[in-house]
Protein chains: 2
Amino acid sequence: MTRPSDKPSPDPRHTLTLRDVSEASGVSEMTVSRVLRNRGDVSAPTREKVLEAARALGYVPNKIAGALASQRVNLVGVVIPSLSNMVFPEVMTGISEVLDGTGLQPVVGVTNYLPDREEAVIYEMLSWRPSGMIIAGLEHTPASRAMLARAGIPIVEIMDIDGDPINHAVGISHRRAGRQMAEAIIAAGYRKIAFLGTQMPNDFRAKKRLEGFEEALSKAGLKLVDREFYSGGSALLKGREMTAAVLDRTPDVDFLYYSNDMIGAGGLLYCLAQGLDVPGRIGLAGFNGVELLDGLPRKLATMDACRLEIGRKAARLIAEAPSEAQVEELFPTLQAGDTIRG
Amino acid sequence: MTRPSDKPSPDPRHTLTLRDVSEASGVSEMTVSRVLRNRGDVSAPTREKVLEAARALGYVPNKIAGALASQRVNLVGVVIPSLSNMVFPEVMTGISEVLDGTGLQPVVGVTNYLPDREEAVIYEMLSWRPSGMIIAGLEHTPASRAMLARAGIPIVEIMDIDGDPINHAVGISHRRAGRQMAEAIIAAGYRKIAFLGTQMPNDFRAKKRLEGFEEALSKAGLKLVDREFYSGGSALLKGREMTAAVLDRTPDVDFLYYSNDMIGAGGLLYCLAQGLDVPGRIGLAGFNGVELLDGLPRKLATMDACRLEIGRKAARLIAEAPSEAQVEELFPTLQAGDTIRG
DNA sequence: TATGGTACTGATAGCGCTAACAGCTCATGG
DNA sequence: CCATGAGCTGTTAGCGCTATCAGTACCATA
C-alpha cells in the first residue's frame, strides 16, 4: 500500500532559522525575533517586511532555542491517572479554558494509576522546565514529592484535599463526600447497604470515599452487608454483573453504593430490567455526576466532583503563582435523583 | 484558605545544572552527561559516583538544552479534535503502547473540531521540533498542510483515508463504512430509514459516512425519510430526544442510523422504554464500537473504527520513519448486535 | 620494542535563540 | 545650539547541554 511518494519535505537544505528570515528581509536576527514575538518597538514597514518574509519562507520558530535563551517555557504539565473515565477530560476542559487566556499551554501525561509511572512522567515533564505542574491526587512516591518540591515552580495537586499538599491544592474531601452520601442513605431509611467499586489499590480517592462512607455507617450502628470489586472491562457491563452478583449473594440488600457513576448506571439498568422497584425496594447511588446520567431512564443519585471548577482553579493558581501556598476546598452537592427514596 | 506556607522550593540558590553534579562528583560535565544518558563507556566506579551525586542533589536534566545541543527531541505531537468522546482516548492508548518501547513520548493537542485552532496547535507543536506528528483527519487549512509538509519529519494522518494525505495515512474509509451499513440495513428489509447525527460542519468523517450511506440508499432507490441533528449536551440524552422527535415527526420510520454509538445508545434506551419492538418494528445502528455498548440491555448494531489499531500503526510509522509514504487502510467489521433483524 | 587497539575522560565549539546594552537618528525644548 | 529622550536597530554574550575530537593509560599482538 505504497504511494509513488514524495519525501515529507521538499526541503532545499536545512531547516529554517532566524538567520534565514533575517537575510530574506534584510534586517538583523534580533529585529526578526522582536517582530515574531511582538516585543519592543519595531517600525511598521520593518515589521511588514519581516512578517512577509517569515510567511513566504514558512518559518516556524524554534521554541527549544527560545526557551533556553529566555529561561521561560510556556508549558504546564498536567499529570492524571487516566483519560478514559470521563472525569479527567472535564478537568482538562477547565484547565484549557483558563490557560487559553494566558499564553500557557497544558501538556498531559497519563499514569494509569501507577506510582512508578507517575514518577517517571513527573521526571520527564520537569526536565522540560515547565512553568507549573498540576497533578491529580496527594499520594506520590517520596522521589516524586522531592522533585516537585524543589522544582521551584507552582505545583497544584487536584481532586483531593484529604492529605498534605506539596504546595497548592484544589479539590474536595472525598472522605466527607462518602460520609455525606451515607448519611443521606441512612436518613432515607435504608439499612442493608452494599458497596460496589473498583479493585484499584491506588485509587486513593475512591478508597477515601469508602472510608468516609463506612465511618458514617458505623456511627449509625451499621456496617456494609456486602461488597464487590472489579477491574478492567466495560464499566457499564461490570456494573450489571456486579449488581447481579450482589443481589444473588445478599438478596435482602436494600441499597447499592457504587464507587463511580458508570458502574452505577450499569447497575441501574440491571435493576430496572429485573423489574425491581427503584428506589422503593432498593436504592442506588454513584459518584461523579457525569453527564451521561442525564440520558438514563431514571436519574441515578450521585455527587458531582466539581471537576470543571477544579480545573479552572488549578489553572488560575498556576497562572497567578501566588507566593503563599493555597488549599482550596470545593463542596460537592448531593444530587438525589430518582434512586433514593424520600 | 491559606496555609502557613513554605515556598515551593527550599532552593539554596539556582536550579541545578550538569556543572553542579560534575563538581559534586569530581568528574567533567561531559562524563556526567554520558552517565545520565547511558551513552559511551564510563567505568563502573565513576558511574556510581555520578549517579549517587545526581540522586543526592535531586538533579533533573534540562531537556531543553539537551535537545538544542543534540538536535533531537523525543516528542511526538498528536493532534485530535476532542478528548471527550471515547474514541480518541483509545487511539491514544494504541499510540502510547507502541511509543513506550521507543523512547518517544506523545504530546496531545486538542482542536475542538476548529480548523484555525488546529492550525495554531500544529504551529505550536512544530515549534518544539518533534520527531513526528500524528493528526486526526485529512482536512486541514492550507497553512497547516504547508507547515506539516515542510517540517521534515514523519507525518501520519489518522482515522480516515478518503482523501489526499500529506505523507503517511492510517485509517478506514468512512464512506465505505456508511455504504456497508446501508447495504446491511437494506438487506434486512428496512425501507423507511432516518439519520440522526451531530451538527458539526467540521466532523468530516461523520459527513463521509453519511455520504456513503446515502449513496448506497439511492443505489437501492431509497432516500432518507428524515434526518435530525444536534450539538452539545449529553450525547445519551440527545439521543433520546432526537429519537423522540423523529418518531414523532415520522411515525412510520423503520430504521434509525446514528452517527455515533452514544446517541445510538440513548435512542435504544428510548425505544425500549417506549415498548417498541426492536429490531422488529424498528432497527437501530450506531458507529464506533465503543465498549460502553456491552453494558446495554440490548446490543446496538455498530461498526468498530479500529481505533486501537490505528493508534498502534500510526505510532509504528513514526518510530520507523519509512522513507516511502504509506497509506494503510483498515477494514472495520460490522457488528449486527441485536438491533438489526435477520 | 613498536604498533595498534580498547577503555575511559576531558576540552572545545557550538545548537538557535533572547537579554541586555550600545548605538543611531530625529524631534523637542531650553 | 546642545541636551535630552523617544523610537528604532544592531552587537555581544550567553542559556545548559551534547558532538566531536583529542588525549591518556593500559593491554595485546607482532
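Sequence lines set the chain letters: A, B, ... in the order given, protein chains first and strands last, and positions in each chain run from 1.
The shortest heavy-atom contact between Tyr59(B) and Tyr123(A) is O-CE1, 4.2 Å. The two atoms that bring Ile134(B) and Ala315(B) nearest to each other are CD1-N, 4.2 Å, heavy atoms only. Closest approach of Val110(B) to Arg117(B), counting heavy atoms only: O-NE, 3.7 Å.
Following rounding to the nearest Å, Glu23(B) (CD) and dG10(C) (C1') show an atom-to-atom distance of 15 Å. Per the geometry, NZ belonging to Lys63(B) stands 18 Å off C1' belonging to dC15(D), to the nearest Å. Distance Ile64(A) CD1 to dT18(D) P: 13 Å, rounded to the nearest Å. We find that CD of Gln71(A) is positioned 19 Å from P of dA13(D), with the value rounded to whole Å. Look at CG on Asp41(A): it is 6 Å from P on dG7(D), rounded to the nearest Å. Atom CG in Leu16(A) sits about 16 Å away from atom P in dC15(C), given to the nearest Å. Rounded to an integer number of Å, the gap from CG of Leu68(B) to C1' of dC15(C) is 4 Å. Rounded to whole angstrom, the span from the CG atom of Leu36(B) across to the P atom of dA19(D) amounts to 14 Å.
The phosphate of dC8(C) has neither OP1 nor OP2 within less than 4.0 Å of any side-chain N or O from Thr31(B). The phosphate of dC17(D) has OP1 or OP2 within less than 4.0 Å of a side-chain N or O from Tyr59(B).
Around atom CZ of Arg19(B), no more than 12 heavy atoms belonging to other residues, nucleotides or ligands sit under 6.0 Å away. Heavy atoms of other residues, nucleotides or ligands lying less than 6.0 angstrom from CZ of Arg47(B) number more than 12.
Checked by atom type and distance alone, the side chain of Ser127(A) never pairs as donor or acceptor with a backbone atom of Asn62(B) at under 3.5 Å.
Here the side chains of Ile153(B) and Ser131(B) are not in contact, with every heavy-atom distance at 4.5 Å or above.
Note that OG of Ser28(B) is 12.0 Å distant from CD of Glu23(B), once rounded to the nearest 0.5 Å.
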What pairs of nitrogen or oxygen atoms, one from the protein and one from nucleotides 22-27 of chain D, lie under 3.5 Å apart?
none

Table of protein N/O atoms under 3.5 Å from nucleotides 18-21 of chain C N/O atoms:
{"from": "dT18(C)", "atom 1": "OP1", "to": "Arg37(A)", "atom 2": "NE", "distance (Å)": "3.2"}
{"from": "dT18(C)", "atom 1": "OP2", "to": "Ser33(A)", "atom 2": "OG", "distance (Å)": "2.2"}
{"from": "dA19(C)", "atom 1": "OP1", "to": "Arg72(A)", "atom 2": "NH2", "distance (Å)": "2.8"}
{"from": "dA19(C)", "atom 1": "OP2", "to": "Arg37(A)", "atom 2": "NH1", "distance (Å)": "3.2"}

Considering only distance and modelled atom types, tabulate donor-acceptor pairs under 3.5 Å from the side chains of residues 91-103 of chain B, sequence neighbours left out.
{"from": "Thr93(B)", "atom 1": "OG1", "to": "Pro89(B)", "atom 2": "O", "distance (Å)": "3.0"}
{"from": "Ser96(B)", "atom 1": "OG", "to": "Met92(B)", "atom 2": "O", "distance (Å)": "3.0"}
{"from": "Glu97(B)", "atom 1": "OE1", "to": "Arg312(B)", "atom 2": "NE", "distance (Å)": "2.4"}
{"from": "Glu97(B)", "atom 1": "OE1", "to": "Arg312(B)", "atom 2": "NH2", "distance (Å)": "3.3"}
{"from": "Thr102(B)", "atom 1": "OG1", "to": "Leu99(B)", "atom 2": "O", "distance (Å)": "2.6"}
{"from": "Thr102(B)", "atom 1": "OG1", "to": "Leu104(B)", "atom 2": "N", "distance (Å)": "3.1"}

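Across all strands shown, Asn62(B) has heavy atoms under 4.0 Å from sugar-phosphate atoms exclusively, and none from any base.
A residue-by-residue look at Ser43(B) and Arg129(B) shows that Ser43(B) has its nearest nucleotide of DNA chain C further toward the 5' end.
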